[in-house]
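In what follows, every chain begins at residue 1, and chains take the letters A, B, ... in the order their sequences are listed. On a predicted model such as this, the values are computed, not experimentally measured, just so you know.
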Amino acid sequence: MPSPIPIPPPPSPKQMVLATEDWVEYRTGFPTLVRKFLFRKVPPTGWFHTLGSSLLTVFILQATTGALLAMTYDPSPNGAYESIRYITDVQTLGWLVRGMHKWGASVMVILLFLHMGRTFFYGAYKYPREMTWLTGSLIFISVMGMGLTGYLLVWDERAYWASVVAININGTAPVLGPFISKFLLGGPVIGAQTISRFYALHMLLIPGAIIALIFVHMWLVVKLGVTPWPSRPPEPEPEPAYEPQPQRHVDAPVAVPVTAAAEQREVQEVGGD
Amino acid sequence: MARKVINRRVRYETEYGAQKKEGHAFFPYAMFHDVVVNLLIVLIIVLMAVVWHATAGPINASHPAGTNGWFGALYETKANPAVAQTEPRPEWYFLFLFELLRVFKQPWQLIFATIIIPTLLMVMLIAWPFLDTGRDRRLSRRPAGVALGLATPAVLIALTLAGASAPGAISGANISKNPAINALPGSQLIADAACATCHTFPTGGASGPGSSLANGSTKYGTDQKGLATWIGHLANQSGTGMPAFDQSFNQQQIDQIAQVIASLKTNSVQPLGGS
Ligand code: HEM
């Protein structure tokens, strides 16, 4: 009589979780990435360090409420105002979506100024975080562009005339000014073409640029780590003079391969202060 | 004297490594702060939307846009390219630029408000890390940077407040103290076009960006043909930021406006088309 094949005991819940994680890990590497992101060591941080993540949240909120508005909004001189009224007065919770989008924009601008102030006074834009500040500045300018193009979309008196003045002023710029004005207007006066152009800028072009810039900005923040309050004097110059090492450890959630060429360039930065 | 080789990278990494040792893991410590503040911000946005909507008053036939609430109306009247009934106020975060237009209101100065200062601000913003390259981050060791960092927002806030409290339009067609001038059809057109949101008239109006018309036009005086050309399109083409009114008014209406401006010069009604 053949001996029966032993039936393995059913896996415990813990084993199942581990197996699932292993499945995902082997195929995507995400669990390691998330763990490195979450458990990376950061220097002492406080409440002022929360402004950047608040900006990210508000941006996502703007994108979401904006997408909801776009489902009803009609970007035409005859339809724009009526669709805004419909959203505000008739549509279920339309007023809330529009209100959050409208006031979220102002909150975002305030947060931008506060976050810039925080990084400025902490000296967080200094070596090696110059590119973090630079991408941030470009985000700032783009967000102001969102404010400018979004304002006209309501198509009420105030927005219409403010945009007339803004476009006219733009047209006074030397060389490119008249060209940009013509492009924004899309015709001799503000009309159907203008509203389509502002709409395309407001919901496609500028947000696309902002999303790309936020990705770069966030990558740099995680790679370089945040800056603590500058309470201590900088380290004295190392003695003796630094000898370039072939391999250097970069303490970041995802190690960035430092190529030999980049290493060489970095060493060439060596010099006076 | 041997030139000492300093490596800014080693120095930085030593310093940052020591700072990290004093720190903690991002999760849960720093993330806790993030979550609290993020929830608070979302709550503020929802509350603002609720208060805005709740206080804006009933929407009915006599108040198609609701009455102005704590945070302003839900929407104003629909844009009518022919008549401006409200002040062309930008969003609050552009008020500083709007105010700059008042400060530099002469045509030759306008380029400061429209191009030079905004461009300078943007270039400074982007280039700042490459201008301020000192390695000590402590405030006491970078007084010039800190002074600039305090002065810039102070100036921006001052300009914003000044822009926000800029005088509004005058009521109706009462643009002058002379009832005969106010009775001219052009005076009503001036009220419709909201000229007083940019120009001063004898009874009030804004001190800029446009020039003062309290004593008529300095440039054209009683030259109604010149005024009509200016109002129609020349002002716009000269890059003053003034709309081209021949887009919204017909020639007769523009001539009537020119008549009023010419009459302001002498404070007496000038015949239409000039003497
Ligand atoms: C939507 C816009 C933005 C988002 C989502 C964002 C997000 C973040 C986040 C999450 C951080 C981490 C630390 C912190 O929160 O303080 C950060 C850091 C930083 N941000 Fe932004 N930011 C934005 C705009 C800006 C702007 C406009 C600037 C400056 C012009 C800027 C400059 C910086 C700098 C220099 C750091 C490094 C801080 C450090 O090392 O401590 N950011 N950003």
Who among [options] has the most heavy-atom pairs with chain A under 4.5 Å?
{"options": "B:Pro153, B:Ser140, B:Pro28, B:Gly134", "result": "B:Gly134"}
{"options": "B:Leu39, B:Asp132, B:Leu150", "result": "B:Asp132"}
{"options": "B:Leu125, B:Val35, B:Val37", "result": "B:Leu125"}
{"options": "B:Glu22, B:Arg141, B:Lys21, B:Arg142", "result": "B:Arg142"}

- Between B:Arg137 and A:Pro228, is there a donor-acceptor pair closer than 3.5 Å when you use the side chain of the first and the backbone of the second? yes

- Item | Short side-chain to backbone donor-acceptor contact, B:Arg138 and A:Pro230, under 3.5 Å | no

Between [X] and chain A, which part of the residue has a heavy atom less than 4.5 Å away: side chain, backbone, both or neither?
{"X": "B:Tyr93", "result": "both"}
{"X": "B:Ile41", "result": "side chain"}
{"X": "B:Met48", "result": "both"}
{"X": "B:Tyr29", "result": "neither"}
{"X": "B:Val36", "result": "side chain"}

What residue in [options] has the most heavy-atom pairs under 4.5 Å with chain B?
{"options": "A:Glu82, A:His49, A:Met144", "value": "A:Met144"}
{"options": "A:Leu56, A:Val154, A:Thr227", "value": "A:Thr227"}
{"options": "A:Met131, A:Arg98, A:Met116, A:His101", "value": "A:Arg98"}
{"options": "A:Leu148, A:Leu111, A:Thr132", "value": "A:Leu148"}
{"options": "A:Gly150, A:Gly104, A:Pro128", "value": "A:Pro128"}

- Query: Can A:Tyr151 and B:Phe94 be said to form a side-chain contact (heavy atoms from CB on, under 4.5 Å), step by step?
  - Reply: CA-CA 11 Å; A:Tyr151 200 39; B:Phe94 286 118; over 6 Å; no

Do [X] and [Y] come within less than 4.5 Å of each other through their side chains, counting heavy atoms only?
{"X": "A:Phe37", "Y": "B:Phe27", "answer": "no"}
{"X": "B:Ile126", "Y": "A:Ile141", "answer": "yes"}
{"X": "B:Phe130", "Y": "A:Glu130", "answer": "yes"}
{"X": "A:Leu134", "Y": "B:Trp128", "answer": "no"}
{"X": "A:Tyr160", "Y": "B:Lys78", "answer": "no"}
{"X": "B:His24", "Y": "A:Val42", "answer": "yes"}

- Query: How far does CE of A:Met100 sit from CG of B:Leu47, to the nearest 0.5 angstrom?
  - Reply: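 Separation between the atoms: 10.5 Å.
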
- Between the side chains of A:Ser54 and B:Asn38, is a donor N or O closer than 3.5 angstrom to an acceptor N or O? yes

- Task: Give a yes or no on whether A:Phe48 atom CZ has more than 12 heavy-atom contacts from other residues, nucleotides or ligands under 6.0 Å away.
- Result: no

- Task: Answer with yes or no after comparing the ring centroid distance for B:Tyr75 and A:Trp155 against a 6.0 Å cut-off, counting only values under it.
- Result: no

What part of [X] is in contact with chain B, defined as an atom under 4.5 angstrom from a non-hydrogen atom: side chain, backbone, both or neither?
{"X": "A:Phe121", "result": "both"}
{"X": "A:Leu96", "result": "both"}
{"X": "A:Leu61", "result": "side chain"}
{"X": "A:Leu138", "result": "side chain"}
{"X": "A:Ser231", "result": "backbone"}

- Message: Check the orientation of A:Trp95 and B:His53. Use parallel for under 30°, tilted for 30 to 60°, and perpendicular for over 60°.
- Response: parallel

- Task: Assess whether side-chain contact (heavy atoms from CB on, under 4.5 Å) is satisfied between A:Leu38 and B:Met31, documenting all intermediate values.
- Result: CA-CA 9 Å; A:Leu38 286 180; B:Met31 206 164 161; 3.8 Å; yes

- Test side-chain contact (heavy atoms from CB on, under 4.5 Å) on A:Phe39 and B:Phe26 and set out the steps. CA-CA 6 Å; A:Phe39 301 116; B:Phe26 173 71; over 6 Å; no

